[in-house]
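What follows is a set of notes on a single structure, which appears directly below.
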Amino acid sequence: RAARIVSDGRGVAATFDGPARALECAVVVSRLLRDARREHRIGLHTGEVSLEGGSLNGTAMAIASDVAEHAGNGEVLASRTVNDLVAGSGIALRDRGEFALRSIGQDWHLFQVAP
């Protein structure tokens with residue numbers, strides 16, 4: 001269940017009480033958008049966020065945005081942090097390699113979430 005959902009007109013951001021629930025939601029949302037033939041890219045990261053003026057902010061939000069930028073149409077990508085935290089949960093993630101994340105100036109492994 002999403003704790004907070006906000007939209008800035010360009011996209012939607014949501015917070016969850018755990019990375020597994022965020023992944024499960026992302027897969028469902030992606031499937032619905034794909035069925036409706038809507039283009040979309042979903043990026044997931046977990047970390048601290050702040051709510052300022054109705055917007056979700058912080059490094060975790062910037063990283064999630066960077067992750068989404070590397071996703072292809074209809075793809076759900078997750079950061080290595082999410083991958084590490086859901087280990088052993090039965091959620092299938094596939095290593096997609098290293099990508100440059102502008103928000104932190106580092107290359108990170110990103111993982112594709114199985115549809």
Side-chain angles (χ1 to χ4, degrees):
R1 172 177 139 207
R4 180 164 311 274
I5 301 172
V6 297
S7 175
D8 64 4
R10 295 172 304 169
V12 176
T15 62
F16 293 84
D17 61 356
R21 282 165 290 294
L23 283 166
E24 292 164 357
C25 181
V27 168
V28 169
V29 167
S30 181
R31 190 173 298 131
L32 291 170
L33 290 170
R34 195 170 30 256
D35 290 349
R37 294 186 168 84
R38 300 289 308 263
E39 289 189 16
H40 64 283
R41 294 162 173 41
I42 299 175
L44 300 167
H45 180 65
T46 187
E48 296 295 320
V49 298
S50 62
L51 179 65
E52 299 168 9
S55 296
L56 293 168
N57 298 298
T59 303
M61 295 306 299
I63 291 171
S65 179
D66 284 351
V67 172
E69 286 182 17
H70 291 295
N73 181 38
E75 188 174 40
V76 178
L77 289 183
S79 70
R80 68 179 185 206
T81 305
V82 171
N83 179 68
D84 292 348
L85 290 173
V86 300
S89 69
I91 297 172
L93 299 174
R94 185 174 64 87
D95 191 340
R96 289 265 276 110
E98 285 193 356
F99 294 84
L101 300 185
R102 288 180 298 131
S103 59
I104 57 172
Q106 295 178 0
D107 291 349
W108 268 17
H109 275 273
L110 300 183
F111 295 81
Q112 181 182 36
V113 181

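Across all non-hydrogen atoms, the minimal contact from S30 to V76 is CB-CG2, 3.7 Å. Minimum heavy-atom separation, L44 to L23: CD1-CD2, 3.2 Å. Across all their heavy atoms, S79 and H45 have their closest contact at OG-ND1, 2.7 Å. Scanning all heavy atoms of the two residues, the minimum distance from M61 to A13 falls at CE-CB, 3.4 Å. Here the shortest heavy-atom pairing between H70 and L110 reads CB-CD1, 3.9 Å. Contact detail for I5 and A14: the closest heavy-atom pair is CG1-CB, 4.0 Å.
Between R21 and D17 there is a salt bridge, with a side-chain nitrogen of the basic residue lying less than 4.0 Å from a carboxylate oxygen of the acidic one.
More than 12 heavy atoms of other shown residues, nucleotides or ligands fall within 6.0 angstrom of atom CD in E52.
Of the possible donor and acceptor atoms, one in the side chain of S89 sits under 3.5 Å from a partner among the backbone N and O of V86. Judged by distance alone, the side chain of R41 and the main-chain N or O of A68 form no donor-acceptor pair under 3.5 Å.
V113 and V29 fall within a single hydrophobic cluster, where Ile, Leu, Val, Met, Phe, Trp and Tyr are joined by side-chain heavy atoms under 4.5 Å apart, directly or via other members. Under the 4.5 Å side-chain heavy-atom criterion for Ile, Leu, Val, Met, Phe, Trp and Tyr, V6 and I42 are members of distinct hydrophobic clusters. Under a hydrophobic-cluster definition in which Ile, Leu, Val, Met, Phe, Trp and Tyr are linked whenever side-chain heavy atoms come within less than 4.5 Å, directly or via other members, I91 and V82 are assigned to the same cluster.
The closest side-chain heavy-atom distance from F111 to R94 is not below 4.5 Å. Annotation: side chain of T81 is in contact with side chain of W108 (closest heavy-atom distance under 4.5 Å). Residues T15 and L56 meet the side-chain proximity criterion, which asks for heavy atoms closer than 4.5 Å.
Judged purely by distance below 3.5 Å, without hydrogens or angles, the side chains of H109 and D95 pair a donor atom with an acceptor atom. Looking only at atom types and distance, the side chain of S103 has a donor-acceptor partner in the side chain of D66 under 3.5 Å away.
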Q.
Using side chain to side chain contact (heavy atoms under 4.5 Å, CB included), reason through I104 and T59 one step at a time and then give a plain yes or no.
A. CA-CA 8 Å; I104 57 172; T59 303; 3.9 Å; yes
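For the atom pair CG (N73) and CZ (R38), the distance works out to 11.0 Å, reported to the nearest 0.5 Å. Rounding to the nearest 0.5 Å gives a distance of 16.0 Å between CD of Q106 and CZ of F99. Separation of atoms CG (L77) and CG (N83) is listed at 12.0 Å; rounding is to 0.5 Å.
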